[in-house]
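Okay, structure first, notes after.
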Amino acid sequence: MGKIIVTGGKGLVGRCFDSDRFFRSTSTNLTERDQVRNYLQSVKADGIIHTAAKVGGVKGNMSFPADFTYQNLMMNTILIEEARLAGIRKLISFASTCVFPDKAEYPLTPEQIHLGPPHSSNYGYAYAKRMADVQIQAYREQYGVNYFSVIPCNIYGPGDNYDLENGHVIPALIHKFYLAKERNEDVTIWGSGNPLREFIFSKDVAKLVELLYDNYDSGVPVILSTGEEVSIGDIVSIIAEIFEFKGKIIFDKDKPEGQFRKPSDNSIIKEMFPDFKFTPVKDGLRESVEWFISNYPNVRK
Ligand code: GFB
């Protein structure tokens with residue numbers, strides 16, 4: 001079994017590919033073509049799992065649309081082309097359920113990706129990720145390579161980015177509750193708490209992607225979700241309970257809420273891996289909080 005490069009090897013998902021089958025790249029600047037070419041020549045892998053991306057939460061996407069557009073477009077465009085030139089036969093590229101049109105039929109299905117504009121809060125990231133799948137479809141057609149996209153819902157887990165302004169909701173809340181407990185302060189949540197999200201544990205994503213790497217050869221993008229929606233308010237209650245937080249929790253409705261919901265159709269993975277056990281969100285959150293407490297302050301923030 002040949003080596004598989006994992007880009008973004010230190011990231012939330014990339015760090016989960018920890019068997020010696022994987023070669024985690026951590027320092028190659030994927031927006032620099034020469035670096036990518038030299039790296040692929042030095043490793044000589046059979047496949048690539050491309051988890052690296054410029055990512056962030058609703059506010060990060062709204063504050064830096066140009067960075068999210070340019071960096072993701074460059075990374076994906078260069079890597080997919082250099083992979084082809086290096087003779088890489090299999091490549092899996094990560095998108096996210098925010099790529100779907102804001103006005104779509106629920107549950108979201110792969111066929112709907114291009115049927116309308118994404119939500120205004122993350123159009124830069126969403127269009128860049130859509131373009132990666134366009135490039136993949138074109139390369140499958142012209143070069144017969146077995147490249148495809150996976151489309152995870154909101155991912156969370158240990159080793160995330162805990163940036164309080166630009167990070168995703170779960171790491172931001174874990175960081176906020178930790179500080180509030182330390183300083184005996186209140187916690188402020190963005191929005192009403194009503195928006196719904198599907199959350200999948202990072203280690204489950206890595207397991208599913210490895211299974212797909214070995215068993216999936218179609219160009220149809222694969223949605224990776226649990227199929228279960230939870231409200232942000234529920235997530236807040238679970239994290240507060242794990243921290244045994246007794247202080248005040250304030251909902252600031254002036255803060256951005258993003259899309260109200262993005263429920264997705266996970267039937268491809270359900271049919272292929274009917275016995276796959278998703279980590280319950282309560283267990284995943286407990287493991288994520290414990291990791292944060294035992295690693296703070298040496299965390300990305
Ligand atoms: O995780 P998040 O920033 O991303 O926000 P999206 C999810 C929900 O949590 C929103 C609420 O409704 C936020 O208003 N929220 C409450 C908070 N408190 C907080 C907080 O302290 N920080 C944050 N960040 N949110 C992203 C896309 O959308 O989803 C990305 O913009 C990517 O491109 C990612 O797709 C997975 O789910 O709204």
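These numbers come from the heavy atoms of this one structure, side chains and all, not from hydrogens, waters or symmetry mates. Counting starts at 1 for both ligands and their atoms, following the listed order.
- Regarding atom 27 (C) of ligand 1, its nearest protein heavy-atom neighbour is Asn122 OD1, 3.3 Å.
- Both the sub-6.0 Å distance and the 45° axial angle are satisfied by Lys301 relative to the ring of Tyr296.
- Between the side chain of Arg197 and the backbone N or O of Phe260 there is at least one donor-acceptor pair closer than 3.5 Å.
- Judged by distance alone, the side chain of Asn122 and the main-chain N or O of Asn61 form no donor-acceptor pair under 3.5 Å.
- Side-chain atoms of Gln112 never come within 3.5 Å of backbone atoms of Phe100 as a donor-acceptor pair (strictly under, hydrogens ignored).
- Contacts with ligand 1 closer than 4.0 Å are made by side-chain heavy atoms of Asn61 only, the backbone lying farther away.
- Not one N or O on the side chain of Arg21 forms a donor-acceptor pair closer than 3.5 Å with the backbone of Ile4.
- Of the protein's non-hydrogen atoms, the one nearest atom 3 (O) of ligand 1 is Val58 N, 2.7 Å.
- Atoms of ligand 1 lying under 4.0 Å from any heavy atom of Pro195, numbered from 1 in the order shown and given with element: 12 (O).
- The shortest N/O to N/O separation between Ile232 and ligand 1 does not fall below 3.5 Å.
- Nearest protein heavy-atom contact of atom 24 (N) of ligand 1 is Gly167 O, 2.9 Å.
- Looking at His168, Lys54, Arg261 and measuring to atom 34 (C) of ligand 1, the nearest heavy atom belongs to His168.
- For atom 17 (C) of ligand 1, the nearest non-hydrogen atom of the protein is Val169 CG2, 3.4 Å.
- Under 3.5 Å, the side chains of Thr109 and Glu111 contain a donor-acceptor pair of N or O atoms.
- Within ligand 1, counting atoms from 1 as listed, the ones closer than 4.0 Å to a heavy atom of Gly56 are 30 (C).
- The nearest protein atom to atom 10 (C) of ligand 1, hydrogens excluded, is given as Glu257 O, 3.3 Å; this is a heavy-atom distance.
- Among Gly57, Pro171, Cys98, the residue whose heavy atom lies closest to atom 35 (O) of ligand 1 is Cys98.
- Here is the list of ligand 1 atoms found below 4.0 Å of a heavy atom in Ala172: 21 (O), 22 (N).
- Contact check for Ser96 versus Lys129: no side-chain heavy atoms found under the 4.5 Å cut-off.
- When non-hydrogen atoms are compared, ligand 1 lies under 4.0 Å from the side chain of Arg197 (C-beta onward) but not from its backbone.
- For ligand 1, the atoms sitting less than 4.0 Å from at least one non-hydrogen atom of Ser96 are 32 (C), 35 (O), 36 (C), numbered in the order shown with element in parentheses.
- A donor-acceptor pair is defined here as one N or O able to donate and one able to accept, closer than 3.5 Å; such a pair exists between the side chain of Gln35 and the backbone of Asn29.
- Of all protein heavy atoms, the one closest to atom 28 (O) of ligand 1 is Lys262 NZ, 3.4 Å.
- Here the side chains of Tyr216 and Asn146 are not in contact, with every heavy-atom distance at 4.5 Å or above.
- Counting heavy atoms under 4.0 Å from ligand 1, residue Trp190 touches it through both backbone and side chain.
- Checked by atom type and distance alone, the side chain of Thr26 never pairs as donor or acceptor with a backbone atom of Lys10 at under 3.5 Å.
- Only the side chain of Lys176 comes within 4.0 Å of ligand 1, judged by heavy-atom distances.
- Less than 4.0 angstrom separates some heavy atom of Tyr125 from each of these atoms of ligand 1: 33 (O).
- For atom 14 (O) of ligand 1, the nearest non-hydrogen atom of the protein is Pro256 O, 2.6 Å.
- Lys181 forms no cation-pi arrangement with Phe243, by the criterion of a distance under 6.0 Å to the ring centre and an angle within 45° of the ring axis.
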